[in-house]
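Here is the naming used below: chain letters follow the sequence lines, and residue numbers restart at 1 for every chain.
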Amino acid sequence: MSDFFEKVYDVVKQIPPGRVTTYGAIAKYLGTTGSARMVGWAMNAAGSHSEFVPAHRVVNRNGLLTGKHHFDTPNAMKELLEAEGFEFEEDQIINFKERFWDPAKELA
DNA sequence: AAGCTGACTATGG
DNA sequence: GCCATAGCCAGCT
């Protein structure tokens with residue numbers, strides 16, 4: 001497994017409960033800015049990871065649950081987030097800006 | 001081996 | 001403000 005995946009998992013696992021981040025933010029933190037797709041791909045492979053990865057806390061830049069279909073059920077992602085106190089308008093996180101957690105800034 | 005695809009983002013019309 | 005285009009890079013067919 002490449003280090004890239006490990007790093008992605010490491011960051012995602014450090015996302016505080018009740019907070020979310022974006023693919024782009026993680027990509028930037030890893031120095032692979034512009035390759036946000038790879039972060040998404042890493043999430044796709046997260047299921048293969050031995051430890052649990054809170055992939056539901058990673059959304060696109062709009063706070064939209066674009067990856068919901070990659071969970072066991074289409075509602076799993078939304079329900080997990082709702083359980084953490086998130087509010088939604090359709091599949092978009094309300095107050096996303098306030099919930100946003102930037103690894104490059106918060107984690108550093 | 002070559003081309004397509006994708007859990008993204010930024011930019012331009 | 002919404003639609004189209006273009007970089008991005010690794011895995012899959």
**OP:** Taking side-chain hydrogen bond (donor to acceptor under 3.5 Å, both in side chains) as the test, write out the residues that go with A:Asp91, two or more places apart.
**Re:** A:Lys68
Acceptor/donor pairs from residues 78-86 of chain A side chains to any protein atom, 3.5 angstrom cut, sequence neighbours excluded:
unit_1: A:Lys78; atom_1: NZ; unit_2: A:Glu90; atom_2: O; d: 3.3
unit_1: A:Glu84; atom_1: OE1; unit_2: A:Gly18; atom_2: N; d: 3.2
unit_1: A:Glu84; atom_1: OE1; unit_2: A:Arg57; atom_2: NE; d: 3.1
unit_1: A:Glu84; atom_1: OE2; unit_2: A:His56; atom_2: NE2; d: 3.3
unit_1: A:Glu84; atom_1: OE2; unit_2: A:Arg57; atom_2: NE; d: 3.1
unit_1: A:Glu84; atom_1: OE2; unit_2: A:Arg57; atom_2: NH2; d: 2.7

**OP:** Sort and list the pairs that fulfil salt bridge (Lys or Arg N to Asp or Glu O under 4.0 Å) and have at least one residue in residues 9-24 of chain A, not counting sequence neighbours.
**Re:** A:Lys13-A:Glu51
Subject >> salt bridge (Lys or Arg N to Asp or Glu O under 4.0 Å): pairs with one or both residues in residues 99-108 of chain A, sequence neighbours excluded >> reply: none
Original post:
Taking CZ from A:Arg61 and C1' from B:dA10, how many angstroms apart are they, rounded to a whole number?
Top reply: 8 Å
Subject >> A:Asn44 CG to B:dG6 P, straight-line distance once rounded to whole Å >> reply: 11 Å
Subject >> OG1 on A:Thr21 to CD1 on A:Ile15, rounded to 0.5 Å >> reply: 5.5 Å
Original post:
Distance from A:Arg61 atom CZ to A:Phe100 atom CZ, nearest 0.5 Å?
Top reply: 12.0 Å
Using atom types as modelled, flag every donor-acceptor pair under 3.5 Å from a side chain in residues 24-35 of chain A to any protein atom, sequence neighbours excluded.
unit_1: A:Thr32; atom_1: OG1; unit_2: A:Ala27; atom_2: O; d: 3.2

Original post:
Taking DNA chain B as the partner, which of residues 13-28 of chain A come within under 4.0 angstrom of it by heavy atom?
Top reply: A:Thr22, A:Tyr23, A:Gly24
Subject >> Of residues 67-96 of chain A, the positions that come close to DNA chain B - non-hydrogen atoms, cut-off under 4.0 Å >> reply: A:Gly67, A:His70, A:Phe71
Pairs: protein N or O with nucleotides 8-10 of chain C N or O, under 3.5 Å:
unit_1: C:dC8; atom_1: O3'; unit_2: A:Ser35; atom_2: OG; d: 3.0
unit_1: C:dC8; atom_1: O2; unit_2: A:Arg37; atom_2: NE; d: 3.0

**OP:** Using side-chain contact (heavy atoms from CB on, under 4.5 Å) as the criterion, list what pairs up with A:Asp72, not counting sequence neighbours.
**Re:** none
Original post:
Can you list the residues that meet the side-chain contact (heavy atoms from CB on, under 4.5 Å) rule with A:Ala46, with sequence neighbours excluded?
Top reply: A:Tyr9, A:Val53
**OP:** Could you tell me whether A:Ala55 contacts a base, only the sugar-phosphate backbone, or nothing, with contacts defined as non-hydrogen atoms closer than 4.0 Å?
**Re:** base
Original post:
For residues 61-82 of chain A, which residue pairs qualify under ring-ring contact (aromatic ring centres under 6.0 Å, His included), counting only residues two or more places apart or in two chains?
Top reply: none
